[in-house]
Amino acid sequence: MNTSTTPDTAPAPPRAQRLPEPLRSLCWASAMTALVVVLGYAAHRWAGAGAGTPLEPLPGSPWPYLTAWAVLGFWAFLLVRWVAHHLRWDAVYTAGPLFLGLRVGLAHRPDLTLLYGYGALTLAVAAGAVLLWRLRGRTEIEARKAAGHGSLAGRRDVPPPRDEPSSTGESP
């Protein structure tokens, strides 16, 4: 008696429940923001080089600056996640520049109005650039589809269809 299962009779593994993409992006941006803010607070609290002794906190309250960086960081992470999702790129590496900005902001304590203003301006310019990039890509895809070539036409890594002769002169 053979008790092994064949590929045809093997039970399908249960499909994992996944959150919808917008909700996953919100959760990811929230988690990354929390991570950067916690690391920024730890760097502020136990900054040895700026305070002189290893465990002496820097003077002043860090909470307004941490809040500002959390708000700006959340929107920056959402924007980067939107771009990275379409490029199949891991956006985790964007936490480094945000952490460095938070650390410099806590060390120099700029006016909060300037911090929010420059941060919002930077995010608006980045969002506009991403929007133009996405619209340009969408119009190129629509032009290819209208020409009857589909969305893969013009890509070098996709071979030409079999009914057309290739560019090297070989017959099908």
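All of these numbers come straight from a predicted model, not from anything done at the bench.
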Is it true that Tyr41 and Leu112 fall in one hydrophobic cluster, defined by side-chain heavy atoms closer than 4.5 Å? yes
Atom CH2 of Trp75 with >12 non-hydrogen neighbours under 6.0 angstrom: no
Whether the side chain of Arg109 engages the backbone of Leu106 through a donor-acceptor N/O pair (distance < 3.5 Å, no angle test) should be reported. yes
Find the distance between CG (Leu39) and CG (Leu98) and round it off to the nearest 0.5 Å. 10.5 Å
Side chains of Val83 and Trp133 in contact at under 4.5 Å (non-hydrogen atoms): yes
Residues, nucleotides or ligands: over 12 heavy atoms within 6.0 Å of Tyr116 OH: yes
Sequence neighbours excluded and cut-off under 3.5 Å, please list the side-chain donor-acceptor pairs for residues 21-38, or say none.
from  : atom 1 : to    : atom 2 : distance (Å)
Glu21 : OE1    : Arg24 : NH2    : 2.6
Glu21 : OE2    : Ser25 : OG     : 2.9
Arg24 : NE     : Leu19 : O      : 3.3
Ser25 : OG     : Glu21 : O      : 3.1
Ser30 : OG     : Leu26 : O      : 2.8
Thr33 : OG1    : Ala29 : O      : 2.7
Thr33 : OG1    : Phe74 : N      : 3.4

Sequence neighbours left out, cut at 3.5 Å: what donor-acceptor pairs do the side chains of residues 62-73 make with other protein atoms?
from  : atom 1 : to     : atom 2 : distance (Å)
Tyr65 : OH     : Pro110 : O      : 3.0
Thr67 : OG1    : Trp63  : O      : 2.8

